[in-house]
S.K.: 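Shown below is the structure under consideration.
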Amino acid sequence: MCGVSVGRGSSEDVPPYVDGVLEIVDRIPMGKVLSYGDVAELAGHGGARLVGRVMAIWGGAVPWWRVVRADGRPATGHEQEALKRLRSDGAPLRADRVDMRAARWDGRRS
DNA sequence: ATAATGACGTCGG
DNA sequence: TCCGACGCCATTA
């Protein structure tokens, strides 16, 4: 079940927090989203900027489009791409923004 | 060791 | 609603 595990193990020089972040993002259910700050908080360390870095590099292994900014706007530089995916997921989009009020994932259960 | 950068966040205008 | 400034945290120059 769910083995995000990008495959670090001991082959690549991957920082420790990466695994935790990828794990959470991979758990986000379809139609729901989390803000960078939320993911960082669930991860229990670092901050939003850290999550942003993880997504930018190793995010390709997880549904990165479900991670949006606190204002509900998709990641900078990938707005079109993310919006397209969010629509496919059935996320509550309002114009080009996600309705965080309803789309924000609680973060418990899988 | 200091400065600059980045898929961010919050506040003020 | 849009824009700018400051703060946060780890990496890189």
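Numbers restart at 1 for each chain; the letters A, B, ... are given by sequence-line order, proteins then strands.
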S.K.: So which protein N/O to nucleotides 2-4 of chain C N/O distances come out below 3.5 Å?
M.R.:
{"from": "C:dC2", "atom 1": "OP2", "to": "A:R97", "atom 2": "NH2", "distance (Å)": "3.4"}

S.K.: Which atom names give the shortest non-hydrogen contact between A:A82 and A:P74, and what distance separates them?
M.R.: CB-CB, 3.6 Å
S.K.: Quick one: list whatever passes side chain to side chain contact (heavy atoms under 4.5 Å, CB included) with A:R53, sequence neighbours left out.
M.R.: A:Y17, A:I57
S.K.: Tell me which pairs pass ring-ring contact (aromatic ring centres under 6.0 Å, His included) where either residue lies in residues 18-42 of chain A, with sequence neighbours left out.
M.R.: none
S.K.: Base, sugar-phosphate, or nothing for A:A75, non-hydrogen atoms under 4.0 angstrom?
M.R.: base
S.K.: Restricting to nitrogen or oxygen on both sides, can you table the protein-nucleotides 10-13 of chain B pairs closer than 3.5 Å?
M.R.:
none

S.K.: Send over the distance from A:E81 CD to B:dA7 P, rounded to a whole Å.
M.R.: 16 Å
S.K.: Using a 6.0 Å cut-off, check whether atom CD of A:E79 has over 12 heavy atoms from anything other than its own residue.
M.R.: yes
S.K.: Under 4.0 Å between any heavy atoms, over every strand shown, what does A:G77 touch: base, sugar-phosphate, or nothing? Just pick one.
M.R.: nothing
S.K.: Between A:R97 and A:L93, is a side chain to side chain contact (heavy atoms under 4.5 Å, CB included) present by the stated rule, with each step listed?
M.R.: CA-CA 6 Å; A:R97 282 178 232 184; A:L93 291 178; over 6 Å; no
S.K.: Which atom names give the shortest non-hydrogen contact between A:M100 and A:D71, and what distance separates them?
M.R.: CG-C, 4.5 Å
S.K.: Could you run down nucleotides 8-13 of chain C 5' to 3' and tag each one B, S or - for protein heavy-atom contact under 4.0 Å?
M.R.: BBBS--
S.K.: Could you list all the ring-ring contact (aromatic ring centres under 6.0 Å, His included) pairs where at least one residue sits in residues 72-101 of chain A, not counting sequence neighbours?
M.R.: A:W64-A:H78
S.K.: Output yes when A:R66 and A:D89 qualify as a salt bridge under the 4.0 Å nitrogen-oxygen rule, no when they do not.
M.R.: yes
S.K.: Can you tell me how far C1' of B:dG9 sits from CZ of A:R73, to the nearest Å?
M.R.: 15 Å
S.K.: Taking A:R101's backbone N and O only, do any of them form a donor-acceptor pair with A:D99's side chain (distance below 3.5 Å, no angle check)?
M.R.: yes
S.K.: For A:R104, is there an ion pair with A:D38 - N to carboxylate O distance below 4.0 angstrom?
M.R.: yes
